[in-house]
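Along the sequence shown, residues carry numbers from 1. Order of listing sets the numbers, starting from 1, for every ligand and every atom in it. None of the values given here were measured: they were computed from a predicted structure.
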Amino acid sequence: MTTKVIKNGTVCTADRTWKADVLIEDEKIKQIGVDLKGDETIDAEGAYVIPGGIDPHTHLEMPFMGTTAAETFETGTWAAACGGTTMLVDFCLPGADGSIKNAIEEWHRKSAPQICSDIGYHMAVTGWNETIFNEMKDAVDMGVNSFKHFMAYKGALMIEDDEMFASFKRCRELGALPMVHAENGDLVADMQQEMLSKGITGPEGHAYSRPPEFEGEAANRAITIADAAGVPLYIVHVSCEQAHEAIRRARQKGMRVYGEPLAQFLTLDEGEYFNTDWDHAARRVMSPPFRNKEHQDSLWAGLQAGSLQVVATDHAAFSTEQKRMGVDDFTKIPNGSNGLEERMPVLWTRGVETGRLTPNEFVAVTSTNVAKILNIYPKKGAIVEGADADIVVWDPKITKTISASNHHSILDYNVFEGFEVTANSRYTISRGEVIWAWGQNSQPQPGRGRFVPRPAFPSAHEALSKWKALTAPKMIERDPLNIPAGI
Ligand code: DUC
Ligand code: ZN
Ligand code: ZN
Ligand code: ZN
């Protein structure tokens with residue numbers, strides 16, 4: 001048994017801020033109090049002691065658009081740790097055989113020897129048949145309780161409305177959370193062809209062919225389908241007011257609809273796609289695309305008001321060379337941008353330093369809300385006795401200039417290049433082990449990270465749909481008192 005004590009810091013959680021020491025015993029938080037003693041001391045003078053960040057949305061080593069995302073599970077989890085993120089939730093995609101179960105096993109094979117910190121998975125549902133119906137249960141039993149549906153990427157990952165409805169009803173039965181990539185894929189595909197036919201082949205065509213109206217329409221449609229199925233809904237990478245407005249309206253009606261803006265969408269705008277340097281613009285091509293300032297203001301307002309609950313990155317890293325696959329045709333540029341290491345420093349600098357978010361709100365949207373929505377709270381996302389000791393000593397006095405020359409991602413560029421940030425992790429602690437110390441730069445042992453299974457939601461986790469009685473299947477019975485001991 002080894003103990004460590006984090007001393008002289010200010011503990012900051014989603015709901016309060018107070019001076020206290022935190023005692024860690026092996027992998028867990030043992031005690032929070034004053035004048036605690038341990039075998040080792042971690043100094044938090046002048047810093048906040050916060051729950052480790054959780055990025056709910058990444059694509060590491062994902063095969064996509066004719067190539068494979070360059071960020072590995074090793075470099076991705078390491079880069080995350082350097083910026084205060086101790087857990088990420090990655091998207092599993094079915095392979096050629098279409099099997100969900102095999103995809104999860106494949107993700108384990110790839111990730112297990114590499115991960116420097118803990119991970120979870122979401123599973124993509126990209127079609128509909130009896131095998132998928134059956135294997136969704138296997139996925140839940142394997143600790144994957146959320147299923148993503150792509151409403152875009154026609155001819156590849158896109159799912160039709162009837163299939164999505166069937167999958168959402170299956171989610172309800174299983175106590176799982178459906179997620180959507182909300183963009184109208186039919187309209188996007190049409191607009192892409194229109195741009196190309198007009199000779200618009202550069203990255204600006206990407207922005208033109210994916211307007212916010214297409215995202216808003218799909219968000220509304222997904223909400224209607226979730227309402228009819230009687231399930232909650234999580235809308236990934238919310239980029240615009242139209243999608244945010246749909247979420248606000250649904251929540252006002254009493255539905256559990258969650259919205260996830262990205263650090264990129266809060267701080268980078270569509271002007272990037274009109275940069276005359278093709279590489280610069282193409283490196284920022286992701287879907288949905290960056291929007292203008294009014295949309296950014298809407299997203300910040302949503303984080304303040306609680307109509308948007310979490311901040312992610314959608315980290316999908318493709319090198320400049322990979323981006324150049326689309327040099328003559330923007331529809332062939334692999335979609336994705338980076339942010340795992342930058343999410344928390346950028347959000348602090350542009351959110352807390354500007355007065356848009358309180359430190360407690362920062363903790364909520366980077367960690368605690370994620371853990372609650374994805375059903376791993378308070379094992380993760382909390383500073384309470386018995387929780388995993390995933391803790392960050394967050395130093396609001398560290399300044400740095402974000403750059404590909406000093407980041408820890410495998411990428412040869414950084415979409416936040418040149419951003420001055422005024423905070424960073426001084427120490428990142430993952431299950432009791434210091435895996436990052438500012439100024440030391442020594443990477444932890446790959447493979448020390450673990451997969452964190454996320455259990456099915458209890459039966460009370462359902463939307464308040466007025467149609468539910470007509471359409472929704474019964475949830476699989478669970479004993480509400482059959483809860484394992486401990487966190
Ligand atoms: N959007 C991206 O930009 N990349 C990965 C998948 C997605 O939906
Ligand atoms: Zn269609
Ligand atoms: Zn997506
Ligand atoms: Zn994504």
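- Cation-pi contact between Arg170 and Phe147: absent, since separation from the ring centre below 6.0 Å together with deviation from the ring axis within 45° is not met.
- By the 6.0 Å and 45° rule, Lys372 stacks over the aromatic ring of Tyr377.
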Exercise answer, ligand 1 polar atom pairs (N/O) under 3.5 angstrom:
| residue | atom | partner | partner atom | Å |
| --- | --- | --- | --- | --- |
| ligand 1 | 1 (N) | Tyr153 | OH | 3.2 |
| ligand 1 | 1 (N) | Ser287 | O | 2.9 |
| ligand 1 | 3 (O) | Ser287 | N | 2.9 |
| ligand 1 | 4 (N) | Asn335 | O | 2.9 |
| ligand 1 | 8 (O) | Tyr153 | OH | 3.4 |
| ligand 1 | 8 (O) | His181 | ND1 | 2.9 |

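- The cationic atom of Arg283 (NZ for Lys, CZ for Arg) does not lie both less than 6.0 Å from the six-membered ring centre of Phe290 and within 45° of the ring axis.
- Of all protein atoms, those that are N, O or S and lie under 2.8 Å from the Zn ion (ligand 3) total 3.
- Ion pairing between Lys154 and Asp186 holds under the 4.0 Å rule for side-chain N and carboxylate O.
- Remark: at the Zn ion (ligand 4), atom NE2 from His59 and atom NE2 from His57 enclose 110°, rounded to the nearest 10 degrees.
- Using cut-offs of 30° and 60° for the angle between ring planes, the Phe91 and His122 rings count as tilted.
- Around the CD atom of Glu321, the shell of radius 6.0 Å holds no more than 12 heavy atoms that belong to other residues, nucleotides or ligands.
- In this structure, His59 has its ring center no closer than 6.0 Å to that of Phe64.
- Here the options are Arg248, Lys293, Arg291, the test is salt bridge (charged side-chain N to carboxylate O under 4.0 Å, His left out), and the partner is Glu241; only Arg248 passes.
- A salt bridge is defined here as a Lys NZ or Arg NE, NH1 or NH2 lying under 4.0 Å from an Asp or Glu carboxylate O, and Arg109 with Glu105 fails to meet this definition.
- A salt bridge is defined here as a Lys NZ or Arg NE, NH1 or NH2 lying under 4.0 Å from an Asp or Glu carboxylate O, and Glu173 with Lys169 fails to meet this definition.
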